[in-house]
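Given the structure is predicted, the values throughout are model-derived calculations rather than measurements. Residue numbers start at 1 and run along the sequence shown.
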Amino acid sequence: GLNSLRRAERLKPGEAEMRRMAGLYGVLKEYPRALKIIEELTRRKPEEAGLWIDQADAVVHLGDRNLGLKLLGRAGGLKPGEAEMRRMLGLYAGLKDYPGALKIAEELTRRKPKDAGLWVEQADMAVRLGDRELGLNSLRRAEGLEPNEAETRRMEGLYRDLKDYSGAL
């Protein structure tokens, strides 16, 4: 476990190995060590949004919400791909930065308008922000896209939160 990772660090690993090591340190909840590796990778490739997201995730686990939000903002300025944006959405929502999460959800629904799950995410953030109209519109969009069972259950809960019981049936 940890001893093997520490030995591997001393061997001057390449970028791919460093990414795996940082991920393993994260799994082991060794966030300071993961962050050290991610910071080095980010210095080498500052144009990679995913590294800034990894860094944000690590600092959030270390208790620095504000720095996490700042790093997510930096990642957002680097044209992140869909998978990276989904990670950002989860981090923003986890940090209860619902305006930031909604902004990401809206961009994702523009990019993938036929993804029911993204419309459910957008509805969730709208509900959390008290935007009933956007919440209902997003849920209706999701309904028309044949959501899966988990998305349907989540939608029912959101309809209840919006006190729209016809949609919750």
For a side-chain contact (heavy atoms from CB on, under 4.5 Å) check, start with the C-alpha distance between Gln55 and Leu67, then their side-chain angles and the critical distance, and finish with the verdict. CA-CA 9 Å; Gln55 210 175 125; Leu67 181 55; over 6 Å; no
Are [Y] and [X] linked, directly or through intermediate hydrophobic residues, by side-chain heavy-atom contacts shorter than 4.5 Å (ILVMFWY only)?
X: Leu108; Y: Ile53; result: yes
X: Val120; Y: Val127; result: yes
X: Leu41; Y: Met21; result: yes
X: Leu78; Y: Leu71; result: yes

Quick one: closest heavy-atom pair of [X] and [Y], and the distance?
X: Met88; Y: Leu72; answer: CE-O, 3.4 Å
X: Gly26; Y: Ala34; answer: N-CB, 4.0 Å
X: Met125; Y: Leu89; answer: CG-CD1, 4.5 Å
X: Gln122; Y: Ala105; answer: OE1-O, 3.6 Å
X: Glu106; Y: Thr109; answer: O-OG1, 2.9 Å
X: Gly68; Y: Val60; answer: CA-CG2, 3.9 Å

Thinking salt bridges, do [X] and [Y] make one under a 4.0 Å N-O criterion?
X: Arg44; Y: Glu40; result: yes
X: Glu84; Y: Arg87; result: no
X: Arg33; Y: Glu30; result: no
X: Asp115; Y: Arg86; result: yes
X: Glu48; Y: Arg19; result: yes
X: Glu82; Y: Arg111; result: no

How far apart are the C-alpha atoms of Leu134 and Leu102, what are their side-chain angles, what is the distance that settles it, and do they pass the side-chain contact (heavy atoms from CB on, under 4.5 Å) test? CA-CA 11 Å; Leu134 179 59; Leu102 180 59; 3.9 Å; yes
To the closest 0.5 Å, what do you measure between [atom1] ([X]) and [atom2] ([Y])?
X: Arg132; Y: Asp161; atom1: CZ; atom2: CG; answer: 11.0 Å
X: Asp54; Y: Ile38; atom1: CG; atom2: CD1; answer: 5.0 Å
X: Arg154; Y: Asn148; atom1: CZ; atom2: CG; answer: 10.5 Å
X: Met85; Y: Ile104; atom1: CE; atom2: CD1; answer: 4.0 Å
X: Met155; Y: Ser138; atom1: CE; atom2: OG; answer: 10.0 Å

Would you please name every residue forming a side-chain hydrogen bond (donor to acceptor under 3.5 Å, both in side chains) with Glu149, sequence neighbours left out?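 side-chain hydrogen bond (donor to acceptor under 3.5 Å, both in side chains) list for Glu149, sorted by chain: Arg153.
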Test your reading of the model: is there a side-chain donor-acceptor pair from [X] to the backbone of [Y], 3.5 Å cut-off?
X: Asn137; Y: Glu133; answer: yes
X: Glu151; Y: Gly117; answer: yes
X: Trp119; Y: Pro113; answer: yes

Enumerate the residue pairs fulfilling ring-ring contact (aromatic ring centres under 6.0 Å, His included) with a member in residues 47-96, sequence neighbours excluded, ordered by first and then second residue.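 Listed by first then second residue: Tyr31-His61.
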Apply side-chain contact (heavy atoms from CB on, under 4.5 Å) to residues Leu139 and Leu162 and explain how you reach the verdict. CA-CA 11 Å; Leu139 288 169; Leu162 291 167; 3.8 Å; yes
